[in-house]
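Working notes for the structure below.
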Amino acid sequence: MDFAAIRSRLAGAEGRLYWRSLSELSDTLEFREFLHREFPEQASEWNDPKGRRNFLKLMSASLALAGVGACTRQPPEAIVPYVRQPEEIVPGRPLFFASAIPLGGVARPVLVESHMGRPTKIEGNPEHPASLGATDAITQAAVLGLYDPDRAQTITYRGEVQPWGAFLTAMSSALGAQKASQGAGLRILTEPVTSPSLSELIATILQDFPKAQWHQYDPVGSDGLREGLRQATGAPATPVYHFDKAEVILSLESDFLGATDGSVRYTRDFADRRRVTDTAKQMNRLYVVESSPTLTGVKAEHRLPMRSAEIEGFARKLAAAVGTPVPTAVPGTPMPGGELVEKWTAALAADLQKHRGNSLVIAGEYQPAAVHALAHAMNQALGNIGTTVTYGPSIDPRPVNRHASLAELTTAMEAKQVQLLLILGNNPVYTAPADLKFGERLANVSLVVYHSLYRDETSELSHWNVPDTHPLETWGDPRAYDGTVTLMQPLIAPLYESHSAYEVLTTLTSQPTRKSLDIIKDYWTRAFSGAGGWSLKNAEGQPFASADAFWKQAVHDGFIRGTDTTGGGPATPFAPAPKAAAPAAAPAAAGTTAAAAATPAAAPASSPAAAPDAPSPAPLPEPPQTVGGLELIFRPDPNTWDGRFANNGWLQEAPKPLTKLTWDTAAWVSPRLADERGLDRGDVIELRYRGVTARMPVFIVPGQPDQSVTVFFGYGRRLAGRVGNASEESAAFNAFRLRTADAPWFGAGLEIVKTGDRYLLATTQDHHAMEGRNPARVATLSEYEKDPAIISHMGHTPPRTLTLFPHADLQYQYTAGHKWGMAIDLTACTGCGACVVACVAENNIPVVGKAEVDRNREMHWIRVDHYFTGDIDRPESMQAVHQPVPCMQCENAPCEIVCPVGATLHSSEGLNDMVYNRCVGTRYCSNNCPYKVRRFNFLLYQDWDTQSLYGQRNPDVTVRSRGVMEKCTYCVQRINHARIDAKKEDRLVRDGEIATACEAVCPAEAIVFGDLNDGNSRVARLKAQQRNYGVLEDLNTRPRTTYLASLRNPNPELEPPSGGRTTGH
Amino acid sequence: MASPHADASQIKRPYKAPPPVIEPGHTFESVTGKITSIVLTKYQPVAWIVTTLIAFMFLNLLLVSVGYLFVKGIGIWGNNVPVGWAFDIINFVWWIGIGHAGTLISAILLLLKQQWRTSINRFAEAMTLFAVACALMFPLIHTGRPWLAAYWLLPYPNSMNVWPQFRSPLIWDVFAVSTYGTVSALFWFTGLIPDLATMRDRAKHRITRMIYGALALGWRGSARHWQRYENAYLLLAGMSTPLVLSVHTVVSFDFSIGIVPGWHTTIFPPYFVAGAIYAGFAMVLTLAIPLRRMYGFEDFITMRHLENMAKVTLVTGLIVFYGYMTEVFFAYYSANQYEKYMIINRMTGPYAWSYWALIFCNGVVPQTLWIKSLRTNTTWLFIMSLIVSVGMWLERFVIIVTSLHRDFLPSSWGMYYPTFWDFSTFFGTIGLFTTLMFLFVRVLPMISIFEVRTLLPQAKVEGAEGH
């Protein structure tokens, strides 16, 4: 107590001073604090963010309230029966809605299965030309992405949770500052955009802020294609390939079966030309010249491996041989040489010339513009343009070189010219080429707004973080690879406080609170009236009666007919919305002629802000100079892509094609290079390239060129989420660390150094040789034509009479009712692995994690086996064959007789059923299964605890617990649904009415399921083919799943027909 | 205790008759006194205390391992797909095999009137019981859901009308092993009754007397008792005899019914039975040699016993080795690529070490028993019996793991690596076995008193039947 102070205060007081205590009188800090406090001492601990007590309290509170929080997002729970039954909702029966999952701005059309408002499974949209009912693996996994508990959930500003209103206020004040300078400091960085309405929205913003800049970046996009076609055709164009018309195909490193926007459709068209039947023994022929083996490459009849940089030289050689004028090469372009290349060039040129008009040359997405131009020139010379390849107007509203665009932005950031930066997706801090130093330069921007699905590496450096909506939660209208406008509709209200890209971008306009649906519907209402050059027709080719009818039909179909670029769809317009835009809330009125009359003024090209000249095309990347060292090749990871799917357990666990690697990435080296450098699988190497280094574990891949090392994006993520976060060890396995903007896909000058460290790589298949057992039977077309029995002679099939029960009446013959079976065409299968992920999604298959995969305990009910053949020292001889293996549903099932409790039994329709409830888990069935398709829950693999994942599970399929065996059921839940429907209508199930998950997803239509008792069913007809065979039939298991042998159609000039083949007995 | 403690072989014998099965100089009293004194005392050898403590430690490890197993699941072991069975079933077959010697000694040798069996049958039977106890644990705990397997494998009437699947060899196993366990326990207990009565009569403490008295079931040694006893014992021996053959035959069906290359062979039943007897006798030797030393039982378990057991080991070892050669021949003669690959993989594959170690343990080492000096060397016999036990464990490892890890489709080939819990469970069962064995030695006469007494010359003099 400071008495001196008290005295002085009393003395200095004017008038009579009342004091409560001596403390008050002394006016100590403590007392002031006491007065200030509403509650006594401990209460204010709440405000101390670091207080341990506080932390514990919050922890307990969040635990206690976690359930409550989750509940708020559930659909309202009705505790009384419906008074009025909602239309079409029958509990237990799913509904399907058409939508799309965009990747890199391009739509993947889908149908989404919804159970009582929960999207649970994705199928392809059968009517959409880009899908025809199939999807790829990444799209299949999107449904898990929706329920990912690690998604960004709240809007934050510098880490503090903020309401949407606060964001609007912040944006409006930031824009106020930009208004004066016409937006000189405003930059928008997006992923590629193909959506017409989003394009219009951006154009509108650029009209309001004429000096603002829009940058597009896509770490995986193809700049070469864009530039090459601009060079060749003089205008931005969208190529569409027609593999259904191509007899001879040459791919110059294009992975058109695996990793392009149109791969799903291309795979179908390509496979359709290979469906050899007993009567039509014709198939196309595929040549692939590539560096790193791809799914396309291993599917090819002939594959010529070379360094990525040499492809251009090869294309020049070939173009000259085909008779195309070849522009002079930039000096230093490496030219491949040698006897093999000469032989190839000659044979290939001859074969292409022979098939003028029905051949196709396709250049790789990751090849420079020159190769694309050459491919175009060759197609032109061969008369393929208009038949096997067509060019439509660009679906890209403003085609720019993505890397140049990003480089421009980083330069501006460096020069502190950027005050407000809006980043939509992309995670550029992680994905930008290392030399652009994006993360470092982001510090120069005064306000960074980042909009993304996850709190990732970029979120950390951004001021505002706005969670993005998942594609299943929002509206949209992206275009598919062929330009078809594909409508996205939300399947569920946003699970978190998310906002779509529309809602974020619209904050920059004069109507900052518009909703996605309003923006899109408004656009298409005007388009219906003629804006933007769209001509909207219904399925019969007639105009719609009204805008409303059009909209309903489009949402129902999931796409707008006739908008594909080859079918007359226009280029995606890049024009601002008319100033007198129809009010968003009056869509019904928009169909009237009055509204139509109000809008035609929207003349896109005349608007000054919409200056169609994109920033002048950035100079082409110099062809990499031949310098010493190895070639470094960059590729997107087939599963995690550019890292955006790193937190998706299904994709992480799905074995990557060719390596069957899960959960990790690896640098691919050829066997010879590995031998030279003393490398073994799992050895960690240091990659030194242009002054930067990264580390990678090594994977030895046959068919890889000896002088190239391939690395994949998508790993070494620091902030991906609980699934995708890199460990301390794997943090350096980041290919983006090596990437430079000038050579985004390959470059010379790589040095690799063995570090001596080892890294565990978990694969699902370790043995890639067939050991003379012919599980996957391969023959050439000519061999097969000569002797169709060649396939059946590769194995031994015991007669049906071989049985311990010779009396016919003791043997069930499956003559009555259905007799389910499956045929898998290995000629069609490309090994993409979509069936694996589709099966996981359909059948509630758990993710087990890397350690368990390494112990061979992965749970996939269908796997894609992969076998290499060929001489390891001649990479060009390497061939591979893929074989999807679900349960064989053996009629004489070895698993059934050994189960002590009868938990696996045969149904009258021939299914090998698994009764989970009865299973005690002796694992004898698995031991006795010669195909090893049974999967055991060694531990509790299902995630019972993460609430957000509950919604994903298929309610028709049991969620298995620990200690239980499980296996492929031929999707028995789908069979039962169809059977119930059929019984109600008093008929048998029709062929094609049931599609198993793997069949439905297969882009190649390689898997066909159906009733063998119906002689006309597709599966019965396939099984009647001479190239049909059963795996391990010699064990007399009588598998119901059989295979159609893989046929190849080699060019006799490159592969002389062999005399004899070793066959089984 | 006037008997010399020298080895029987050192005694010069003018005649060619086999050495006696009991050293000379014993009386009824000395036999009874010596055997009962081990139990009816407050003191036990330090070696007993130390061994029991170590064994008890391992028993606790077993409890921890099984507890953790029940909490987490089979995944704590190294089992996987394709190797669905590994240590669990290896240990099961190993223990069951070990059990066989007991039944063989007590039943078959009884019927064959092999007198030398009397001084080893008691603890061989006990060994059987404890081995079966260890073995029985595995079929239960190796399942994914043991709380259900515990009764779902039994045919009990239930409202759902669900029965076990009688075509499965695992069900046959349940019946075979449980029958075996029951008969072995009965046989052992029946054989114990007269001795329990002796213990009751000699026990000083009241409670001890009451316990032994209750267990002796009112045995008074009357002629009627003896007559009934002999009948019952003979009947049980008759029942046990086929079990010696059937149990391991059924166990071998677990494999031979399967279609896995390396399992699916007709040689398995005889080969498994021989292997079981072989392993069992090795285990009896492993136990008998230290016990006779620890308790000074060289008089009762003489060199003749050890040598006989060594001979049985040698014979059955040769049968087992013949089995190995037959497997190789089958693989060649079948002209079946899977069988051929299986044997090549065993010999040269990643687990080749286990195959060659097996050949060494079961093929090479027992050949030393042809030599009399080694056959009568207790140290060597002890070492050899341990090697045989290891060899028989490896045999099951080779059969189970190397057959499963590479079966039909090369894409599904994999490797099996045991974890800490695999080993802890295995060593834990050894702890359980040893603990039970040492407790048995402490509380029950480990050698059949009344039967050994019949071996004495006095027994022959006093009456034709001895009793």
Has A:Arg855 got its NZ or CZ under 6.0 Å from the middle of the six-membered ring of B:Tyr416, at an angle within 45 degrees of the ring axis? no

I'd like to know if the side chain of A:Asn927 reaches the main chain of B:Gly84, judged simply by a donor and an acceptor atom lying under 3.5 Å from each other, with no hydrogens or angles considered. yes

Between B:Trp163 and chain A, which part of the residue has a heavy atom less than 4.5 Å away: side chain, backbone, both or neither? backbone

Is a side-chain N or O of A:Gln765 found less than 3.5 angstrom from the main chain of B:Ser411, in a donor-acceptor match? no

Pair B:Trp77 + A:Phe938: ring centers closer than 6.0 Å: no

So, do B:Leu409 and A:Lys932 sit near enough that their side-chain heavy atoms are less than 4.5 Å apart? no

Okay, B:Val174 and chain A: the region with an atom under 4.5 Å from a heavy atom over there is neither

CG-NZ distance between A:Leu940 and B:Lys72, expressed to the nearest 0.5 angstrom: 8.5 Å

Cut-off 3.5 Å, side chains only: do A:Ser961 and B:Arg145 have a donor facing an acceptor? no

Has the side chain of A:Arg857 got a donor or acceptor atom that lies under 3.5 Å from a matching backbone atom of B:Asn79? yes

Sole candidate of B:Asp88, B:Thr143, B:Asn80 that passes side chain to side chain donor-acceptor pair (under 3.5 Å) when paired with A:Arg923: B:Asp88

Measure the CD1-SG distance between B:Ile171 and A:Cys899 for me, rounded to the nearest 0.5 Å. 8.5 Å

I'd like to check A:Val901 versus B:Pro164 (side-chain heavy atoms, cut-off strictly below 4.5 Å). Are they in contact? no

Is the shortest heavy-atom distance from the side chain of A:Val898 to the side chain of B:Leu170 under 4.5 Å? no

Tell me, side chain or backbone of B:Tyr338 under 4.5 Å from chain A's heavy atoms, or both, or neither? both

Out of curiosity, A:Thr922 OG1 to B:Leu140 CG, how far, rounded to the nearest 0.5 Å? 12.0 Å

